[in-house]
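These notes concern the structure reproduced below.
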Amino acid sequence: MQPIFIDKNEIIKRYKPIDSHTHKGIQGHALIIAGSYGKLGAAVLASKCCLKSGCGLVTAYVPECGYQILQISNPEVMTLTDEKEKYISNISFDIKPQAIAIGPGLGQEIETQKAVHDFIKTNKVPLVIDADALNILSKNKDWLALLQPKTILTPHPKELERLIGKWSTEADKFDKTIAFSKQYGLVIVMKGAPTHIIDEETVYKNTTGNAALATAGSGDVLTGIITSLVAQSYEPIDAAVFGVYLHGLTADIALPETSYQSFIASDIIKYLGKAFLSIENN
Ligand SMILES: NC(=O)C1=CN([C@@H]2O[C@H](COP(=O)(O)OP(=O)(O)OC[C@H]3O[C@@H](n4cnc5c(N)ncnc54)[C@H](O)[C@@H]3O)[C@@H](O)[C@H]2O)[C@@H](O)CC1
Ligand SMILES: Nc1ncnc2c1ncn2[C@@H]1O[C@H](COP(=O)(O)OP(=O)(O)O)[C@@H](O)[C@H]1O
Ligand SMILES: [Mg+2]
């Protein structure tokens, strides 16, 4: 298994400059289904980062208790609320997003699990699945067959283990993840240091990022970036490759200014502009 290195050349091949005649209505609308009581920060971070990655419109779908939190933290993000106060119980909306993310801070209440099931059963919109939505799928593995081909999953090592079981060696981890990607036709963003992306037999290895990213909410933000790129009509694999590269690049650019210690997930969002500029100015 020889990986393709995700470096600047691979990104320039995929990068779509912004058309000067574009407008918010055609720049992509993303829906971020996230948050539960005490974990609304995950929804705030993912939705803000989604907008800061070029998406024209972003809507967050959160439990009722998240309404003011979202509207005050992120005035540019629109907010829809579930009928339940503290967790999501029924995912229903009348917007037409081009990409959806589900999972950051979602929790795993039984009603949330049912809502995830009912949603993935009918959803046809390109989807990014993270965090508790992955854990819910791990508890209900027969639901994996409901996912559309090229759905993007973004597990960290513990979430990956819950999905595919324990591995004995690094090579075994790759074999199992490739088999899992092939079985369901999924794109797997295998988060780590470094992150690898598995698209059936094809393996990509990221070249950006550093230990500053080992901080709460770092993955929630990655979900927002990838979802934004899918909404802007990048193919799922290209969105995953570009998103992982950009996410790591923010930390590489920030490090001399922030130190490893003081870098937080909000800094990923803060440094996105410089990351995009460094790709444009090649
Ligand atoms: N501000 C917020 O609202 C935040 C919400 N979050 C949400 O909190 C929920 C729980 O997520 P967690 O990921 O903390 O919980 P998990 O139980 O899924 O993961 C934590 C476990 O995974 C292990 N782990 C994580 N990364 C690892 C790595 N790189 N290598 C080896 N082991 C690793 C940890 O040691 C720990 O045992 C998710 O829904 C998440 O989105 C977190 O993202 C933190 C911030
Ligand atoms: N030491 C490290 N070097 C490079 N990247 C890292 C390191 N530690 C964590 N990351 C990255 O940070 C992100 C962490 O995601 P995750 O564990 O889901 O965070 P959270 O759930 O808190 O948002 C992943 O993209 C991972 O690759
Ligand atoms: Mg996470």
Side-chain angles (χ1 to χ4, degrees), residues 6 32-50 53 60 62-63 65-66 69-70 73-74 86-88 101-109 112-113 116 128-139 152-164 166-167 170 173 188-198 204-227 239-255 258-261 263-269 271-272 275:
I6 307 174
I32 310 286
I33 304 168
S36 58
Y37 184 81
K39 288 191 176 150
L40 264 308
V44 170
L45 289 166
S47 57
K48 183 165 189 177
C49 203
C50 190
S53 306
V62 294
C65 70
I69 297 169
L70 258 293
S73 314
N74 281 341
K86 294 191 171 179
Y87 55 86
I88 287 171
I102 186 164
L106 199 64
Q108 298 176 56
E109 292 283 342
T112 307
Q113 293 192 32
V116 169
V128 181
I129 306 187
D130 185 31
D132 285 321
L134 294 173
N135 296 327
I136 288 172
L137 287 173
S138 295
K139 286 182 172 166
I152 302 169
L153 273 55
T154 62
H156 64 46
K158 195 75 195 170
E159 289 158 346
L160 184 66
E161 185 189 298
R162 293 177 187 130
L163 280 169
I164 66 170
K166 284 192 191 305
W167 48 85
E170 274 296 290
K173 177 172 83 173
I188 313 295
V189 176
M190 229 170 69
K191 293 188 296 200
T195 291
H196 290 84
I197 298 168
I198 312 288
Y204 299 84
K205 182 176 180 174
N206 191 31
T207 60
T208 58
N210 60 66
L213 292 168
T215 184
S218 178
D220 304 330
V221 163
L222 176 65
T223 294
I225 300 174
I226 295 175
T227 308
V241 164
F242 189 15
V244 163
Y245 181 87
L246 266 176
H247 181 257
L249 190 55
T250 63
D252 292 344
I253 294 171
L255 191 61
T258 63
S259 75
Y260 289 108
Q261 289 87 346
F263 184 90
I264 57 172
S266 296
D267 291 318
I268 301 173
I269 303 175
Y271 281 87
L272 264 171

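We count ligands from 1, going down the list as the structure has it; atoms in each ligand are counted the same way. Note that the structure is a prediction, hence the values are computed from the model and not measured. Heads up: numbering here begins at 1 and tracks the sequence.
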>> Show the nearest heavy-atom pair for residues Ala131 and Gly103, with the distance to one decimal.
In response: CB-O, 3.6 Å

>> Out of the candidates Val241, Val244, Ile197, Val189, only one should pair with Asn206 under the side chain to side chain contact (heavy atoms under 4.5 Å, CB included) rule; please name it.
In response: Val244

> So which protein heavy atom does atom 12 (O) of ligand 2 come closest to, and at what separation?
Replying inline: Ser218 OG, 3.0 Å

> Which pair of non-hydrogen atoms, one from Gly219 and one from Asp130, has the smallest distance, and what is that distance?
Replying inline: O-OD2, 3.8 Å

>> Tell me whether Lys191 has any N or O atom under 3.5 angstrom from an N or O of ligand 2.
In response: yes

> Which of these, Lys158, Arg162, Lys39, Glu161, has its nearest heavy atom closest to atom 17 (O) of ligand 1?
Replying inline: Arg162

> What do we get for Glu159 next to ligand 1 when only non-hydrogen atoms under 4.0 Å count, side chain, backbone, both or neither?
Replying inline: side chain

>> Quick check: His156 and ligand 1, any N/O pair under 3.5 Å apart?
In response: yes

> Counting from 1, what ligand 1 atoms have a heavy atom of Gly105 closer than 4.0 Å?
Replying inline: 7 (C), 38 (C), 39 (O), 40 (C), 41 (O)

> What do you reckon, does Ala216 put a non-hydrogen atom under 4.0 Å from ligand 2?
Replying inline: yes

> Which residue owns the protein heavy atom closest to atom 21 (O) of ligand 2, what's the atom, and how far is it?
Replying inline: Asp220 OD1, 4.0 Å

> For ligand 2, which atoms have a heavy atom of Thr195 less than 4.0 angstrom away?
Replying inline: 27 (O)

>> Considering non-hydrogen atoms of the protein only, which is the closest contact for atom 17 (O) of ligand 2, and what is the distance?
In response: His156 CD2, 3.2 Å

> Hey, is ligand 2 close enough to Leu213 that some N/O pair sits below 3.5 Å?
Replying inline: yes

> Where is the nearest protein heavy atom to atom 22 (O) of ligand 2: which residue, which atom, and how far?
Replying inline: Gly217 N, 2.9 Å

> Just distances here: any N/O of Ala42 and N/O of ligand 1 closer than 3.5 Å?
Replying inline: yes

>> Quick test: of every protein heavy atom, which one is nearest to atom 4 (C) of ligand 2, and how far off is it to 0.1 Å?
In response: Asn210 O, 3.3 Å

> Shortest non-hydrogen contact from Ser47 to Val44?
Replying inline: OG-O, 3.3 Å

>> Could you identify the single nearest non-hydrogen protein atom to atom 2 (C) of ligand 2 and state the distance to 0.1 Å?
In response: Ala193 CB, 3.5 Å

> For atom 6 (N) of ligand 1, what is the nearest protein heavy atom, given as residue, atom name and distance?
Replying inline: Asp220 OD2, 3.8 Å

> Does Gly192 come within less than 4.0 angstrom of ligand 1, counting non-hydrogen atoms of the residue?
Replying inline: no

> Which ligand 2 atoms, with their elements, are less than 4.0 angstrom from a heavy-atom of His247?
Replying inline: 25 (O)

> Which atoms of ligand 2 have any heavy atom of Ala214 under 4.0 Å away?
Replying inline: 8 (N), 9 (C)

> Looking only at protein heavy atoms, which one is nearest to atom 19 (O) of ligand 2, and how far off is it?
Replying inline: Gly219 N, 3.2 Å

> Do Thr258 and Asp267 have a side chain donor and acceptor closer than 3.5 Å?
Replying inline: no

>> To the closest 0.5 Å, what do you measure between CG (Leu153) and CE (Met190)?
In response: 13.0 Å

> Going by the atom numbers of ligand 1, which of them fall below 4.0 Å from some non-hydrogen atom of Asp132?
Replying inline: 9 (C), 38 (C), 39 (O)

>> Please list, in number order, the atoms of ligand 2 under 4.0 Å from a heavy atom of Ala211.
In response: 1 (N), 2 (C), 3 (N)

>> Considering non-hydrogen atoms of the protein only, which is the closest contact for atom 30 (N) of ligand 1, and what is the distance?
In response: Pro157 CG, 3.4 Å

> To which protein heavy atom is atom 27 (O) of ligand 2 closest, and what is the distance rounded to 0.1 Å?
Replying inline: Gly192 O, 2.8 Å

